[in-house]
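All remarks here apply to the structure that follows.
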There are 2 protein chains.
Amino acid sequence: MQLELRVDRSSPVPLYFQLSQQLEAAIEHGTLTPGSLLGNEIELASRLGLSRPTVRQAIQSLVDKGLLVRRRGVGTQVVHSQVKRPLELSSLYDDLEAAGQHPATKVLVNTVVPASPEIAAALGVPEGGDVHRVERLRLAHGEPMAYLCNHLPPGLLDLDTAQLEATGLYRLLRTAGITLHSARQSIGARAATAAEAERLTEDEGAPLLTMRRTTFDDTGRAVEFGDHTYRPSRYSFEFQLLVRP
Amino acid sequence: MQLELRVDRSSPVPLYFQLSQQLEAAIEHGTLTPGSLLGNEIELASRLGLSRPTVRQAIQSLVDKGLLVRRRGVGTQVVHSQVKRPLELSSLYDDLEAAGQHPATKVLVNTVVPASPEIAAALGVPEGGDVHRVERLRLAHGEPMAYLCNHLPPGLLDLDTAQLEATGLYRLLRTAGITLHSARQSIGARAATAAEAERLTEDEGAPLLTMRRTTFDDTGRAVEFGDHTYRPSRYSFEFQLLVRP
DNA sequence: GTAGTCAGATTGTCCGGACATACACATTGA
DNA sequence: TCAATGTGTATGTCCGGACAATCTGACTAC
């Protein structure tokens, strides 16, 4: 069966993007089965009334996502891998919501504090200068799941406690017009201290999963520094890595 | 000062790649300082005797790596972020070697076993069929650091114990002509069992960092399934994530 | 029968150009 | 003074074409 593809030239959406989205949907939906050839670029271009560079741009974006593989002299085929979801800079809140876990947030602290040396270095602000500090408890099904301590540079956005309880920090940042770009993460484990154990209703000495992250926006400016602890019985980090040769 | 760039048309190395490497080196070296404009694409192209698409391809590859930011109507500038290293599908052995930790490996088991349901599903082989099983202890400075249990599909490569002790598994795979493409990882934590504690010279119940990973080659075929436990006092996962909008 | 060779197919690289779009800045208007 | 408007500049998108590099498979020669 021939895959039905078409583009709308009156739409403001770029043609290559229209095409890549349709291809991605076809792969996701199973219309394009793993291992199947995509048909050569020139024929595809003429069938759609597009130029070859445009078709290549569409295909390239899916290759970058790890959905397609190009082979010179052979063609472009769908990878036959079970997992196709791309890696993302994930938000715990969105992850939980997507998994149907009904996340809830309890804001413990929402204030302004002087920056410690470590936080100042991470955020690129002067030591002792003002930074926002937010401590939250993330719950799923009413049970505590993670303790989240975040610091943000001043003047970036208003941190409203009600909003923080209704959604995730990343969504607030995006809503404020900040386009997140990259993050440096460190994931480790350690035994819970007495205070940590109480917050998460675990026993002292119980293993905890820890994550420390600095997030940067598209200008390379640090917009958030987080120090999180998770209950490993309730949460683990899942992601897909792509090799960039 | 004008950045000195030039391309060698007699080289088999693609022009866009020559350019992107020089730009990356200039950024790494500090010749191109964070926040500085790159000069517009058309002028850059004419200066180098290249076409604009070629220059764009070079710049785009660095944008994808997170080194540059494009702004319509403004120009392309170097991100002013502290961390510029891209995310990679890391190999523990290479990581340790790069950090000057003198890694060593002790092969505990190197054999062929029938695939359990879980392993068969991960590797995409028939249940009960033959798979390689390798258990290793990774040491740094003579101290145990991680316990690595891996399964590989049959017929992929010869697993020589001596080679496994001399280098990492990923390097062996690459040497065998396998181009790694992506991996699905899950990172968690748990308390050490008695057996795990003994292997890693920890106490029973001590927190351990766990990682489970399935690695795929460029055709989407699973080439390795690993179940690793790390001593969190000696190791944590560090990586940088890029957002793909 | 096996190895080497050749042709076809397909992606990889590169060109030169055209118009659209968004941002920054200066100008103009209220 | 401040907002709206225009203008220049840079990237974003798209085109049509050309040749090179590489893989597959069939054919040929030994």
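Throughout, protein chains are lettered first and strands after them, A, B, ... in sequence-line order, and every chain is numbered starting at 1.
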Q: Name all residues meeting the side chain to side chain donor-acceptor pair (under 3.5 Å) criterion together with B/Arg72; count only those two or more places apart in sequence or in a different chain, and write none if there are none.
A: none
List, one per line, each side-chain donor-acceptor pair under 3.5 Å for residues 50-57 of chain B, sequence neighbours excluded.
{"unit_1": "B/Ser51", "atom_1": "OG", "unit_2": "B/Thr54", "atom_2": "OG1", "d": "3.2"}
{"unit_1": "B/Arg52", "atom_1": "NE", "unit_2": "B/Glu41", "atom_2": "OE1", "d": "2.9"}
{"unit_1": "B/Arg52", "atom_1": "NH2", "unit_2": "B/Glu41", "atom_2": "OE1", "d": "3.1"}
{"unit_1": "B/Arg56", "atom_1": "NH1", "unit_2": "B/Glu41", "atom_2": "OE1", "d": "3.3"}
{"unit_1": "B/Arg56", "atom_1": "NH1", "unit_2": "B/Glu41", "atom_2": "OE2", "d": "3.1"}

Acceptor/donor pairs from residues 114-122 of chain A side chains to any protein atom, 3.5 angstrom cut, sequence neighbours excluded:
{"unit_1": "A/Ser116", "atom_1": "OG", "unit_2": "A/Ile119", "atom_2": "N", "d": "3.3"}
{"unit_1": "A/Glu118", "atom_1": "OE2", "unit_2": "A/Arg212", "atom_2": "NH1", "d": "2.5"}

Q: Going 5' to 3' through nucleotides 8-17 of chain D, assign each nucleotide B (protein heavy atom under 4.0 Å from a base atom), S (under 4.0 Å only from sugar-phosphate atoms) or - (no protein heavy atom that close).
A: -BBBBBSBB-
Q: Using the test side chain to side chain donor-acceptor pair (under 3.5 Å), find all partners of B/Thr161 that sit at least two apart in sequence or belong to another chain.
A: B/Asn110
Q: Could you pull out all residues at least two apart from A/Ser61 that satisfy side chain to side chain donor-acceptor pair (under 3.5 Å)?
A: none
Q) Roughly, in whole Å, what's the span from CD in A/Gln77 to P in D/dC23? A) 14 Å
